[in-house]
Undergrad: 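Can you keep this structure in mind? I'll have questions shortly.
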Amino acid sequence: MENGIKNKVIAITGASSGIGEAIAIQFAQQGAKVVLGARRLDRLKALAEKIIQAGGEASYIITDVKKRGDLQNLVKLACDRYGKLDVMINNAGISHLSLIDKLQVEDWEEMIDVNLKGTLYGIAAALPVFRQQGSGHIINIISTSGLRIVPLQGVYAGTKNAVRTITEALRQEAGPNLRVTGISPGFVQTELADHMKDENIRAAIKQKAAQIAISPNDIAAAVSYAINQPANVDVGDMVIRPTAQD
Ligand SMILES: NC(=O)c1ccc[n+]([C@@H]2O[C@H](COP(=O)([O-])OP(=O)(O)OC[C@H]3O[C@@H](n4cnc5c(N)ncnc54)[C@H](OP(=O)(O)O)[C@@H]3O)[C@@H](O)[C@H]2O)c1
């Protein structure tokens, strides 16, 4: 694998907003070819146009990470268009916060489907390509929710910690040619809280985010650090949180 970000082909799930969007913009500016996946086509199109107008390279395809075939199509787009895939960033995620007593079983299932199974589908789509190429880098966006467990976040944190566990196992299994990185952001100013269903929880999280959240660009910089290391240097785990976060 080449060093650096320039000319790398980088697929990003959940690229239509927040951290994924910031990664796409920052990496395209550094000369990567970014392959964008998410469900909102209008947002992907606008982002790709913005990147291309600024002189970068971007492609996009509707990608619902609940559908394994969509991840395969995302990877296929990268390979068909650019001849390879260097980095797969499993970033798509949702956060439905509630007390376990509330039995919001459908929300639990959705978080398992998107955060956990979606990441596994991303790994399953990219890994055969990486093995064939003899190089590749899987980056999973996890969360500090899984590091400091608090009420309301149990199932969300559970999905993230499942990803953390799988990431470490994959790192050990990957061998000398592949890199595997887990990035755990703390509070980041994105649209994540906007999709929370409980009005009171949503308002509380948004208020806290307004006070302490860091920029999605800060997370993109951490991802960039991991990719920018020499090919034989594997950044395993990174935690990036606001200094003010407890
Ligand atoms: N913001 C934080 O404080 C924070 C902290 C720790 C970890 N994280 C993690 O960071 C990641 C990115 O979240 P964010 O904060 O940037 O939030 P965001 O702005 O809401 O972005 C989430 C992205 O995930 C996509 N997504 C949701 N469901 C999807 C599905 N079924 N298929 C494909 N894409 C889907 C959304 O796109 P579409 O709706 O267009 O599909 C969107 O692009 C998530 O994994 C989240 O858990 C965030």
Side-chain angles (χ1 to χ4, degrees), residues 11-26 34-48 60-71 73-74 88-97 107 109-122 125 139-150 153 155-164 167 182-197 201-202 204-220 222-223 237-242 244-245:
I12 308 159
T13 68
S16 58
S17 66
I19 293 169
E21 181 180 18
I23 290 171
I25 292 170
Q26 220 177 88
V34 293
V35 184
L36 315 171
R39 295 166 305 173
R40 288 171 292 178
L41 184 62
D42 53 335
R43 299 277 290 253
L44 290 179
K45 189 168 181 282
L47 176 59
Y60 59 91
I61 185 169
I62 289 182
T63 310
D64 181 343
V65 300
K66 289 183 188 170
K67 298 177 183 162
R68 185 177 171 193
D70 280 14
L71 272 307
N73 289 338
L74 181 71
M88 176 79 196
I89 304 180
N90 293 304
N91 165 72
I94 50 167
S95 175
H96 298 311
L97 306 188
D107 290 351
E109 287 170 340
E110 202 189 358
M111 286 189 284
I112 291 166
D113 286 347
V114 174
N115 301 353
L116 173 53
K117 287 174 69 178
T119 298
L120 282 168
Y121 290 161
I139 299 181
N140 295 330
I141 304 300
I142 313 178
S143 174
T144 56
S145 278
L147 296 173
R148 183 169 180 274
I149 315 293
V150 295
Q153 300 187 10
V155 179
Y156 175 67
T159 63
K160 291 296 185 177
N161 274 349
V163 172
R164 193 184 316 280
T167 304
I183 307 262
S184 289
F187 262 107
V188 185
Q189 195 60 259
T190 69
E191 296 176 16
L192 195 70
D194 297 341
H195 305 293
M196 289 177 186
K197 290 183 184 164
I201 295 173
R202 185 171 66 237
I205 296 283
K206 287 186 74 137
Q207 192 187 11
K208 185 149 188 203
Q211 287 164 356
I212 70 164
I214 54 178
S215 161
N217 290 323
D218 300 322
I219 310 306
V223 180
D237 247 316
M238 291 176 86
V239 180
I240 303 99
R241 53 162 86 85
Q245 186 170 329

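Each ligand, and each atom within it, is numbered from 1 in the order the structure gives.
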Undergrad: Relative to ligand 1, is Gln189 under 4.0 angstrom through side chain, backbone, both or neither, heavy atoms considered?
TA: neither

Undergrad: Heavy-atom distance to atom 17 (O) of ligand 1: which of Asp194, Ile12, Thr190 wins?
TA: Thr190

Undergrad: The test is side chain to side chain contact (heavy atoms under 4.5 Å, CB included); show your working for Phe187 and Ile205 and say whether it passes.
TA: CA-CA 9 Å; Phe187 262 107; Ile205 296 283; 4.0 Å; yes

Undergrad: Any atom of ligand 1 sitting under 4.0 Å from a heavy atom of His195?
TA: yes

Undergrad: Starting from atom 16 (O) of ligand 1, find the nearest protein heavy-atom neighbour and note its residue, name and distance.
TA: Ile19 N, 2.8 Å

Undergrad: Measure from atom 21 (O) of ligand 1 to every heavy atom in Ala38, Gly18, Gly37, Ser17 and give the option owning the shortest one.
TA: Ser17

Undergrad: What part of Val114 sits under 4.0 Å from ligand 1 if we count only heavy atoms: the side chain, the backbone, both or neither?
TA: side chain

Undergrad: Of all the non-hydrogen atoms in the protein, which one sits nearest to atom 46 (C) of ligand 1, and at what distance?
TA: Tyr156 OH, 3.6 Å

Undergrad: Considering only protein heavy atoms, which is closest to atom 48 (C) of ligand 1, and at what distance to one decimal place?
TA: Leu192 CD2, 3.6 Å

Undergrad: Specify side chain, backbone, both or neither for Thr63, according to which of its non-hydrogen atoms lie closer than 4.0 Å to ligand 1.
TA: backbone

Undergrad: Mark up the atoms of ligand 1 that fall under 4.0 Å of a heavy atom belonging to Phe187, in ascending order.
TA: 3 (O)

Undergrad: Indicate whether the side chain of Asn140 and that of Thr167 have a donor and an acceptor atom separated by less than 3.5 Å.
TA: yes

Undergrad: Pair Ile214, Ile240 - check side chain to side chain contact (heavy atoms under 4.5 Å, CB included), show working.
TA: CA-CA 9 Å; Ile214 54 178; Ile240 303 99; 3.8 Å; yes

Undergrad: Students should be able to answer this: which protein heavy-atom is nearest to atom 39 (O) of ligand 1, and at what distance?
TA: Arg39 NH2, 2.9 Å

Undergrad: Determine, considering heavy atoms only, which of Gly20, Gly93, Gly186, Ala193 sits nearest to atom 22 (C) of ligand 1.
TA: Gly93

Undergrad: Can you tell whether the side chains of Glu191 and Arg40 come within less than 4.0 Å, N to carboxylate O?
TA: yes

Undergrad: For atom 32 (N) of ligand 1, grab the closest protein heavy atom and report residue, atom and distance to one decimal in Å.
TA: Val65 N, 2.9 Å

Undergrad: Of the side chain and backbone of Glu21, name the one, both, or neither that has a heavy atom under 4.0 Å from an atom of ligand 1.
TA: neither

Undergrad: Give the atom numbers and elements of ligand 1 that come within less than 4.0 Å of a heavy atom of Ile141.
TA: 9 (C), 10 (O), 11 (C)

Undergrad: In the protein, which heavy atom is nearest to atom 35 (C) of ligand 1, and how far is it?
TA: Ala92 CB, 3.7 Å

Undergrad: Between Ile61 and Leu44, is the side chain to side chain contact (heavy atoms under 4.5 Å, CB included) condition met? List the steps.
TA: CA-CA 8 Å; Ile61 185 169; Leu44 290 179; over 6 Å; no

Undergrad: Starting from atom 43 (O) of ligand 1, which protein heavy atom do you reach first, and at what distance in Å?
TA: Ser16 OG, 2.8 Å

Undergrad: What is the closest protein heavy atom to atom 6 (C) of ligand 1, and at what distance does it sit?
TA: Pro185 O, 3.1 Å

Undergrad: Please compare Ile89, Asn91, Ile142, Val163 and report which has the shortest non-hydrogen distance to atom 45 (O) of ligand 1.
TA: Asn91

Undergrad: Quick check on side-chain contact (heavy atoms from CB on, under 4.5 Å): which of Thr13, Ile12, Leu74 does Leu36 satisfy it with?
TA: Ile12

